[in-house]
Each structure stands twice: as C-alpha cells, then as structure tokens.
**Q** 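Mind looking over this structure? Questions follow.
The structure presented is a predicted model; accordingly, all values stated were derived computationally and were not measured. Here is the naming used below: chain letters follow the sequence lines, and residue numbers restart at 1 for every chain.
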Number of protein chains: 2
Amino acid sequence: MNLKELASKLGLSPTTVSRALNGYPEVNEATRARVMAAAKRHNYRPNTRAIRLATGRAMAVGHVIPVATRHEIVNPVFADFIAGAGESYSRNGYDMVLSVVPDDAEEEAYRDLRSRGAVDGVILHAPRMDDPRIPLLHEVGLPFVVHGRATGAGLPYSWVDVNNRRAFQRATEFLLDLGHTRIGLVNGLEFMDFAIRRRTGFADALAARGLSIDPDLCASDEMTEVAGFRAASAMLDLPAPPTAFLVASMISGMGVRRAIESRGLRMGRDVSVIIHDDDLSYMKNGEDVPIFTATRSSVREAGRIAAEMLMLRIAQPDAPPETRLLEAELIIGQSTGPAPRNG
Amino acid sequence: MNLKELASKLGLSPTTVSRALNGYPEVNEATRARVMAAAKRHNYRPNTRAIRLATGRAMAVGHVIPVATRHEIVNPVFADFIAGAGESYSRNGYDMVLSVVPDDAEEEAYRDLRSRGAVDGVILHAPRMDDPRIPLLHEVGLPFVVHGRATGAGLPYSWVDVNNRRAFQRATEFLLDLGHTRIGLVNGLEFMDFAIRRRTGFADALAARGLSIDPDLCASDEMTEVAGFRAASAMLDLPAPPTAFLVASMISGMGVRRAIESRGLRMGRDVSVIIHDDDLSYMKNGEDVPIFTATRSSVREAGRIAAEMLMLRIAQPDAPPETRLLEAELIIGQSTGPAPRNG
DNA sequence: GGGGATTCCGAAAACGTTTTCGGATGCGTT
DNA sequence: AACGCATCCGAAAACGTTTTCGGAATCCCC
C-alpha cells in the first residue's frame, strides 16, 4: 500500500493525503480525519526510502565503531551508551546505524557516511588527545556530538561528559581521609582523554596534601578484568604495597579484587578499593548495598542526553555548540575502610 | 557531486556512468576506466537514498533490541555478537540499523521496519520457547536468521546456535569424573531457549550416572554478577553444599567466585566451577592460562556467521532455511579440581 | 454583488539513482 | 552491397514520497 493507491482509494490526490498525514494546516479537518482513518485501516506506512530521497534527510544517525587490533571499543560501557542513545532516537523517529569498520578505516567511514547521505549526524566515541576526527567532521560538515572531551581540539564542538577529574579527585580525598597514603591508580589507557583527566584529579588531590604520584603505583591499560588483575598484582608485590586502589571501571575492579583476595587479603579491611561505576544494566554494583565504593554516573543516561543534543544540532546546524558536564556521585560501599595501622 | 554532474563533466550520459561504475558489461573498457578515474578524482559516491529508492532494496539489516522492565538484552554478549555481525555487514556494503524499543512494542517494531522498507532482513535475538516472533516474521515476509533456536516453533527457519545441551553435558561429565556428585547449576532465565537446553544437558549427564537433579541446587536468573553471587551463596549455605558449580556465563561466574571466596573457600580446591565462556573481547577468561574451566564458543564468530547467512537469505529469499550448530570446546582452567574427600 | 482574502485541493516537478528500451556505429560474412 | 550481429551508448521511465505553484471555490466585508 503506497501513497498513490491510498489516495485513489480515497478519491483524493497524493498531495492532499501526504499533507493530511503530515499535519499540514491547508487541509480540511474532516478530510484529514478520513485520511487518517483510511491509513490506519490499511495500515499504510510511508516508505522510508522515498521520504529520505524527497526530503534530503536520512532521518538516521551513525555511530562508527572501530574494531580490531589497537583498541577495543566494543565493551559493556559502549553497549549501555548505545542503548540509552537508541531510546532517544526511536522516540524521535530516527534510526540508529552502526558502522563497524577496521580501525584504520575510521576516517574514511565518516566521509563515506557523509557523502553517501546515509546519516544526518554522528556521535563520536572515545575521544583521544588532539583527536583528528574532530577537525575531520568539521571539514566534511557532518553534525556531531562527542561522548567525552578531546583536550587540544582547536575548534569548538558539542560534547557530553562526566566530570572525571573531579570524580577521581573526590575519591582520592576520601581515601586520604581514611588514612591511606599509598594509593594505586589502575587507570584506563592514558591516550584516552577521560583517563588523562582522572589521573589529573588523582594527582591534584595528592598534591593538595603534599603528596606526589609514585610511578610504581600507576598503571594504564585496557579496562579488562585481566588487566586489572595484572596491574594490582604487580603493585601488591611491591616492597611497599599500596593500601588502597583507585580503579577505572567495574570490570577492572573485579580483577583488582581477585588480585587482593588471591593474596589472602580482604578487600575493605586490608586493602580499600574505589572504582568508577558506569551503572551498567548488566554489571550492577551490588543490589541494595553497593559492593564497591564508587564514583557513579550512568552512561546510559549520557547516551540519552548525547542523542537529544545531536538531534537538536541536526535540526539547527548553525546553533552554537552545546556542552553538558555530568557530575558523578560518590557512593559508599563495602570496599573501603580505614588504612591498616602498620601497613 | 552527483551522477548527473559527473556525467556532464565527462561528456557522457548518467546511464553510461552508472553502468560503468556498477560493472555492467555493455560499456567500453576505456570509457569505464575514464569514468572510474573521474569518480575517484572528484570522490563521487552514489547517494544511498537514491539507490535505495531506485533498487527497492534497503541494503540494511535490522536488529531490534527490546529494552526496559522485563529482561535486559543489552549485555556484553549482545555487544560482541553485534560487533561480529557488523563486520560482515560492512564488508558487504550493508548498513546495520539498531532499533531500541520498549519490550511491549517489539512486534510492532518488526512490522514497522518491514512496511517502511527500512531494512531487508533482521536478526532475531534471544529466542524463547514458542517464540511468537517467528510466526510474525514469517507472516510479514521479512527474511530473518535466529541467533539461537526456539523450541516449539512450528515453521522452519534459519538459525545459528551453540550446541548448549552438549556443552553442558560434557562439562557435567567432566565434573562427575572428578568425583563431584553435588553440582550446583547457576543457569540463565529458563524461559530462554538456550537455558533450557543447558539444563537438559546437565540433567542428561547426571541421569547417565544414575543421579538426578536436586531442585535446591538449581538456580535460574539473569546472568549478572549479583545474581550469580546470590545463587551460589544460597547453595553454599545449604546443610549439604555443592562441591562444584556449573555457571551460565563469565559474569555470573565472577559472582559465584565471590560467594565462594567470601566464605573462606578456594575456587579450584574446595569448590570447582565451570562456566560458559562466550569469548568476549572485553571479558577474556585469563590470558595464557584460563582462569575458569569453561565451555567456550565465540559469540562474535556467531555474529559473523549469522550475518552472512542473513545476507544470503536476502539475496535468495526462497532458498530453504539453513542452520548452523557450533560446538563449544571444553577448556581446562584453574577453577576445577578433584572433589574434596569429606565434602 | 463586486472585490479581495481565505480555505481547500491538485498537477507536476523534484530528489538521485537504476533500468528498460531502443538507436547508432562498425565489423564480418555472403 | 546488403545483411546480421556485436558493441557501445543515451532518452526516458520508474521508484514513492515531498513541495512548489497555482487554481477553484467559498467567505467576508463594505
């Protein structure tokens, strides 16, 4: 059932039917009602392909996800962000298209999406320092919103991000208040912008108490269970091991916990741990009482917000960039306690 | 730069340029080369929207992911499957569109995708027993491939699945061979088809040794860390606790491990654990030597295969359904050992 | 009852491709 | 020289909408 058929069934022109369905004012309310009823009865749905060609809009937004060797982006955090964004899209009649490409073809993928006219805008994931994708997207004129920030990007752009610096600063202060002075940082990859900011927050809090970073107590790696285990193990085997850890994610945190417990130590008593909790639907940090003390910020909510922002930008491409800084809350769980007396 | 402009720049008709670029034989090789060169020079890319309208194909496949109350599908396993499928799609010039909808609107979402002409086919996720979506997709005539199987579906359909029954049967036999007789099953939700099959494999192996299932040693819940912890805790607190666990996923397994260790027991010595390992990129089961003994099957690979199958079906909608049963391998890690003498 | 404004609707162009149908040219064969 | 057959190319229709432009009623107001 297409527009022409529906129109002839109603004894109207396609023009009028189209206008009736799209809420244009220049159509009699009586005939509009008649058209609506007929459309519902024959469950007519306008052909997306034709709409897209006629209007010149794709009514779709893209997420390109690089894959393979270097750095794995397909992680649970990403999945939850996507889910949040997807909710916003479908509420607004947009489609979400995911483009999985080898990581050396990412820039090409953006150009491609743009010139093929497959999407109206994109979300940029996992920004790095001086991220080349930002000037690229400006150049090709594709509206975009960044999830995170990219230190060093010359041009202004829209972003939504968690206040990572502040979150880790507060977490560090909390540990310091408990008497911990040797704190291990199990960070994400430090070419990622968020990891840099977290490290800064960590360093700032230490500096404010006259302490400085011990390079032996800093690790930077993928946020996997195994990497967390490896990093924590190395630090715990030091002559002067840390009494507390600041950890980049829930998953890394599980590895850290395993390292602690496999040495016969108990988390929360012998060694304290604070993680960053993205509030993932499939990785809840406990039920009523949190397992880990954590800095928490829902990445799913961030996805919703980023999507809304992007659709707004698409509607008004010349509006000034919008930014949104989300504060993480510090929630107290069972994984922290006062520093042991004679560490 | 569109086709008409490129054609006039070359002094050719749009027809010829189109044919040259799409490899049709009725064009002189010399002019084809000239066209190709010009296309590359002006980096012309045909407009997807126009192609879709002209050819009547969407060159896109859909994944609808229900979200909200009932059952959370946005999990790491899903993410890895998507990544695998996405690789296949982009290699073949297909787009992947994700439709995130409230779970009571899932059927409507399929009808919508179909009648709007937004996709050429879909992948069906997380099939349940007597899944109503299978007859629905048959009815609306949308090519599809199921990830998993749905016991009770009357009509034939294409699927790719892991041999879950056999995997859990083998794992159970392995534990029995080690002398374990009280084995706890920490299963997924048992309205999901794969969970039913795993339970069957478990029961079959027990029955073959003259044992039967103890209802107290069976749990069925979401595959989260918390749920795994809860289930294992309950069983370990039984008067006659299990000496081994069979666990549905890596994440549940971490909860089980936490339950074991929080009781001062050691996994692999006091209590054995076998998990199912989907070989997730972000949840590797150890590096060189696996942490958990596991039945392993790459869900990413399953995604690749399912995508290939779907694109084939789209090309030949009348071909008979194709099926693909993947065997899981049993890999030995550090989480299993002989049953303790006096359990 | 004549004028302009308002209301409602339709014909046709446009979006950028693919595809059908046919036409022109050149070549080999009789 | 006539014919058939490849070979190569173009005009125009088609895909299913939206949108522009205009036209015919009807209404309102003096």
**Q** At less than 4.0 Å, is any side-chain N or O atom of A:Ser18 found next to OP1 or OP2 of D:dT18? Yes or no.
**A**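 Result: yes.
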**Q** Treating A:Asn28 as the side-chain partner and A:Ala30 as the backbone partner, does any N or O pair qualify as donor plus acceptor under 3.5 Å?
**A**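 Indeed, once roles are kept as given, a pair shorter than 3.5 Å links the two residues.
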**Q** Would you tell me if any nitrogen or oxygen in the side chain of B:Tyr44 comes within less than 4.0 Å of OP1 or OP2 on C:dT17?
**A**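 For C:dT17, OP1 or OP2 has a side-chain N or O of B:Tyr44 closer than 4.0 Å.
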**Q** Measuring from the side chain of B:Thr55 (C-beta onward, heavy atoms only), which nucleotide among D:dC9, C:dT18, C:dT17 has the closest atom?
**A**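 Ranking D:dC9, C:dT18, C:dT17 by closest atom to the B:Thr55 side chain puts C:dT18 first.
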**Q** Please report the distance, rounded to the nearest Å, between CG in A:Asn22 and P in D:dG16.
**A**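 It is 17 Å, rounded to the nearest whole Å.
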**Q** A:Trp159 versus A:Met309: any side-chain heavy-atom pair under 4.5 Å?
**A**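 No, their side chains stay 4.5 Å or more apart.
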**Q** So, is A:Tyr24 close to the C:dC8 phosphate, meaning a side-chain N or O under 4.0 Å from OP1 or OP2?
**A**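 It does not, given that no N or O in the side chain of A:Tyr24 lies less than 4.0 Å from OP1 or OP2 of C:dC8.
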**Q** Take the protein atom CD of A:Glu5 and the nucleotide atom C1' of D:dT17, then report the distance between them rounded to whole Å.
**A**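 Rounded to the whole Å, the gap is 13 Å.
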**Q** Take atom CG of B:Leu12 and atom P of D:dC8, then tell me their distance rounded to the nearest Å.
**A**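 My rounded result for the distance is 14 Å.
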**Q** Give a yes/no on whether any side-chain N or O of A:Thr15 is located under 4.0 angstrom from OP1 or OP2 of C:dC9.
**A**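 No, because none of the side-chain N or O atoms of A:Thr15 sits under 4.0 Å from OP1 or OP2 of C:dC9.
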**Q** Taking CZ from A:Arg52 and C1' from D:dC15, how many angstroms apart are they, rounded to a whole number?
**A**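 Taking CZ of A:Arg52 and C1' of D:dC15, I get 15 Å after rounding.
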**Q** Can you tell me the distance, in whole Å, between the CG atom of A:Leu21 and the P atom of D:dG16?
**A**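 Nearest whole value for this atom pair: 17 Å.
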**Q** Toward the 5' end of DNA chain D, which comes first, B:Arg19 or B:Ala54, by nearest nucleotide?
**A**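 The residue closer to the strand's 5' end, by nearest nucleotide, is B:Arg19.
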**Q** What is the distance, to the nearest angstrom, from the CG atom on A:Asn28 to the P atom on D:dT26?
**A**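 Taking CG of A:Asn28 and P of D:dT26, I get 13 Å after rounding.
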**Q** Compare side-chain N and O positions of B:Asn47 against OP1 and OP2 of C:dT17 and report whether any pair is under 4.0 Å apart.
**A**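 So the side chain of B:Asn47 is outside the cut-off, no N or O lying under 4.0 Å from OP1 or OP2 of C:dT17.
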**Q** Is any side-chain heavy atom of A:Met311 less than 4.5 Å from a side-chain heavy atom of A:Tyr94?
**A**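 Yes, close enough: below the 4.5 Å cut-off.
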**Q** Without decimals, in angstroms, what is the distance between A:Arg45 CZ and D:dT17 C1'?
**A**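 These atoms are roughly 17 Å apart.
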**Q** Nearest whole angstrom, please: distance from the C1' of C:dA5 to the CD of A:Glu26.
**A**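 In whole Å, C:dA5 C1' and A:Glu26 CD are 16 Å from each other.
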**Q** Regarding A:Ser99 and B:Asp95, do their side chains bring together a donor and an acceptor under 3.5 Å, going by distance alone?
**A**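 B:Asp95 and A:Ser99 do not have a side-chain donor-acceptor pair below 3.5 Å.
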**Q** Would one find a side-chain N or O of A:Ser13 under 4.0 angstrom from OP1 or OP2 of C:dA11?
**A**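 It does not, given that no N or O in the side chain of A:Ser13 lies less than 4.0 Å from OP1 or OP2 of C:dA11.
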**Q** Hey, does the side chain of B:Asn2 come within less than 4.0 Å of C:dT17's phosphate (OP1/OP2), counting only N and O?
**A**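 No, outside the criterion.
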**Q** In Å and rounded to the nearest 0.5 Å, what is the CD to CG distance from A:Glu108 to A:Leu113?
**A**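 Rounded to the nearest 0.5 Å, the CD-CG separation comes to 10.0 Å.
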**Q** When you match B:Val27 and A:Ile51 each to their closest nucleotide on DNA chain D, which lands nearer the 5' end?
**A**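 Result: B:Val27.
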